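Please read these numbers as outputs of a predicted model, since none were measured by experiment. To find a chain, count down the sequence lines: A is the first, B the second, and so on, and within it residues start at 1.
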Amino acid sequence: MEKDIFLYNTLTRQKETFKPVDDKNVRMYVCGPTVYDRAHLGNARPVVVFDTLFRLLRHKYGQNHVTYARNITDVDDKIMARAHETGESIESLTTRTTQAYHDDMGALNALPPTIEPRATGHIAEMIALNEVLIAKGHAYVAEGHVLFHVPSMKNYGQLSRRSRDELIAGARVDVAPYKKDAADFVLWKPSAPDQPGWESPWGRGRPGWHIECSAMAGKHLGTTFDIHGGGLDLIFPHHENEIAQSCCAHDGAPLAHVWMHNGFLTINHDKMSKSLGNFFTVNDLLQKHHGEVIRLALLSAHYRQPLDFSEEKLQECKVTLEKWYSALGNCTDIENEYADLSQRHQLQVFGPAEEALCDDLNTPQAMTELNQLAAKIFKLPLGSDERKKLSHTLRYSAQFLGLLYWTIDQSKFDHLISARMQARHKKDFAKVDQLRAEIQKLGVQIEDGPKGTYSLRPFWG
RNA sequence: GGCGCGGUGGCAGAAUGGCUAUGCAGAGGACUGCAAAUCCUUGGAUGCCGGUUCGAUUCCGGCCCGUGCCUCCA
């Protein structure tokens, strides 16, 4: 792919041409879930957004030249609190929740990341990082805690564009007495005997929130990597502090070149919250809507914009997908061209949607291109070469969005279709309708076109 | 109080210093065993006030409104 990729960088507040450190190994880190509860819809947005970016990067740099790391935070006070409430063991809770996360994100057709490091598997790296920070004068020990000393870093606050003074002025929380500076944050904290903990040079304890990402990113992606992503709310303090830890440990080497942050989502224009009763887990939604529909809805606004979720939006996305599937081709096209979808990346048909995605992941623009493509396809004669070619492009383009991956049992389908065709010629409409119902059981809704032909679309009940 | 983001047609949602997407919804027509889809035609927008400019929705300033973050929430 010749086209350059442009990405908006929170660090510079500008759209920049993406230039990887090593184009043989493009590296991206995205903050993953804390596994104490089912993922909610808000958790799904960064997953789908960065999955889309992952797909685009893999296309441009090669399937095996992109490393995507997304962590699992499996040690955290929220986890401890939940386990304490319910009596479930921490291990059981985190294992079960991690599995549910994989299931839910898989249902949204998010590819598994290349690496999924777990915090509890990297305690030694975190301790080592703390020791480096202490040795270099960026951290200190106080009352069993290890704290990062913010004034030790001259340019702290670059990502969020906040000065240390501003932070302190706006602080809403009491400053712990053992902190040398009000802005200092915890790298390591002591654990009570009944809390999970690991032996360390500072006694038995557990990591602070930010240190795990620095340690895991450093281990798996190297000192400096290409893209670091997450939700808008992570800019401060989480990502700011990751930068502080990693840069100071590595004598100023940048942690990541490009910082990307997705916007929040609202539900019917309200903030999603338990008190408003509009709090949905991904799994809740999957009971009512196909994952592909939810995925499209999550991509229907640009990732940096707020995204409003509603039942109407889901309905509209469902109809849109059905239209695209219908445009994809009649059964003949499916049989001849798309039987093995894993081969479709070899088609190398340039798609305009691809170009839209190269412009800072403009997914709404990509949707427009797919709509345009579908409209063109519908105007062309069924079975024509031109129509097939555009169908190729549609299928090909949609793969970048992780859409139009749906397939059918081809042999059964072909058999039923030809039987129905015959019944139709005989005008045996009772049989025709009965066969339509049978085809529907395969998950396909067929439609009769103007010339007795068929279009195909998934049937989602 | 500090830092930031946004206000585009009925709704959703891109883009752009001049020719203003796209989808849904609406109106009219075509097609049609049923059902559905599709096709053709069509009305409709850039919060307010100034400035820069031959020309601004787009750039600059002010205002109004909404919204996010400010130590563990994607």
Side-chain angles (χ1 to χ4, degrees), chain A residues 10 13 30-34 39-50 73 76-78 148 150 157 160-163 165-176 179 182-186 189 207-212 229-238 240-241 261-266 269 271-273 297 300-310 312-313 315-317 319-320 322-323 326-327 356 359 362-372 374-375 377-379 424 427-430 432-433 436-437 440 445-452 454-457:
Chain A
T10 306
R13 312 281 157 114
V30 174
C31 290
T34 300
H40 63 251
L41 204 50
N43 296 308
R45 166 119 102 145
V47 172
V48 168
V49 163
F50 290 106
T73 298
D76 179 273
D77 288 6
K78 286 193 295 295
F148 185 91
V150 168
S160 57
R161 307 220 167 168
R162 267 175 249 228
S163 72
D165 294 341
E166 286 164 0
L167 296 179
I168 293 167
R172 295 182 303 195
V173 175
D174 291 340
V175 177
K179 287 187 179 180
D184 291 353
F185 58 91
V186 173
K189 56 187 165 189
W209 178 32
H210 318 297
I211 194 71
E212 59 169 289
L232 206 56
D233 56 325
L234 294 180
I235 294 175
F236 188 88
H238 185 53
E240 196 69 78
N241 291 346
H261 296 94
N262 62 275
F264 269 42
L265 67 81
T266 53
H269 303 289
K271 185 172 179 177
M272 181 167 65
S273 74
S300 66
H302 183 87
Y303 76 92
R304 282 190 280 117
Q305 295 300 122
L307 171 65
D308 190 54
F309 227 81
S310 62
E312 296 74 52
K313 170 159 285 183
Q315 278 308 321
E316 197 177 315
C317 286
V319 169
T320 299
E322 287 175 343
K323 178 167 72 178
S326 186
D359 182 15
N362 194 337
T363 52
Q365 184 62 42
M367 287 173 65
T368 293
E369 302 296 352
L370 297 190
N371 274 323
Q372 297 295 82
I377 288 170
F378 284 126
K379 287 172 201 163
R424 248 189 128 221
K427 299 204 187 277
D428 180 358
F429 294 119
V432 169
D433 289 345
R436 167 155 44 203
Q440 194 157 293
Q445 181 152 313
I446 51 167
E447 287 145 15
D448 301 322
K451 292 177 184 169
Y454 304 93
S455 65
L456 166 143
R457 50 179 47 206

Under-3.5 Å donor-acceptor pair between D233(A) side chain and rG68(B) base:
no
Whole-Å distance, M367(A) CE to rA14(B) P, equals 10 Å
NA contact type, A375(A), heavy-atom cut-off 4.0 Å: base, sugar-phosphate, or nothing?
sugar-phosphate
Using atom C1' of each nucleotide, how far apart are rC19(B) and rA15(B) to the nearest Å?
14 Å
Phosphate-side-chain proximity, H302(A) and rC5(B), N/O vs OP1/OP2 below 4.0 Å
no
Regarding Q305(A), tell me which of base, sugar-phosphate or nothing describes its non-hydrogen contacts under 4.0 Å with the strands shown.
sugar-phosphate
Short side-chain N/O contact from K323(A) to OP1 or OP2 of rC24(B), under 4.0 Å:
yes
Across the strands shown, which category fits R304(A) at heavy-atom distances under 4.0 angstrom: base, sugar-phosphate, nothing?
nothing
Reckon L265(A) touches a base, only the sugar-phosphate, or nothing at all at heavy-atom distances under 4.0 Å?
base
Taking rC49(B) as the reference, what is the distance to rA14(B) when you measure between their P atoms (whole Å, please)?
26 Å
Using a heavy-atom cut-off of 4.0 Å across all strands, would you classify R161(A) as base, sugar-phosphate, or nothing?
sugar-phosphate
Rounded to whole angstrom units, what separation is found between the CZ atom of R436(A) and the C1' atom of rC34(B)?
7 Å
Tell me what T266(A) touches on the nucleic acid: a base, only sugar-phosphate, or nothing, going by heavy atoms under 4.0 Å.
nothing
Contact class for N371(A) vs. all strands (heavy atom < 4.0 Å): base, sugar-phosphate, or nothing?
sugar-phosphate
Rounding to the closest angstrom, what is the interatomic distance between rC60(B) and rC65(B) at atom P?
22 Å
K313(A) side chain N/O closer than 4.0 Å to the phosphate oxygens (OP1, OP2) of rG23(B)?
no
For the C1' atoms, the ones on rA45(B) and on rA12(B), what distance do you get once it is rounded to whole angstrom?
13 Å
Given rA15(B), is OP1 or OP2 found less than 4.0 Å from the side-chain N or O atoms of N362(A)?
yes
Does the ring of F264(A) meet both stacking tests against the six-membered base ring of rA74(B): centre distance under 5.5 Å and plane angle under 30°?
yes
Answer yes or no: does a side-chain N or O of K271(A) lie under 4.0 Å from OP1 or OP2 of rC69(B)?
yes
I'd like the P distance from rG9(B) over to rU58(B), given in whole Å.
15 Å
Over all strands shown, is G230(A) touching base, sugar-phosphate only, or nothing at heavy-atom distances under 4.0 angstrom?
sugar-phosphate
Taking atom P in both rU38(B) and rG23(B), compute the distance separating them and give it to the nearest angstrom.
11 Å
In whole Å, measure the gap between the P atoms of rU22(B) and rU42(B) for me.
13 Å
Whole-Å distance between rG10(B) C1' and E312(A) CD?
13 Å
Does rC40(B) have OP1 or OP2 under 4.0 Å away from a side-chain N or O of K379(A)?
yes
Starting from P on rC72(B), measure out to CG on D76(A) and report it in whole angstrom.
11 Å
What's the gap between rU32(B) and rG13(B) when it is taken at their P atoms, as a whole Å value?
39 Å
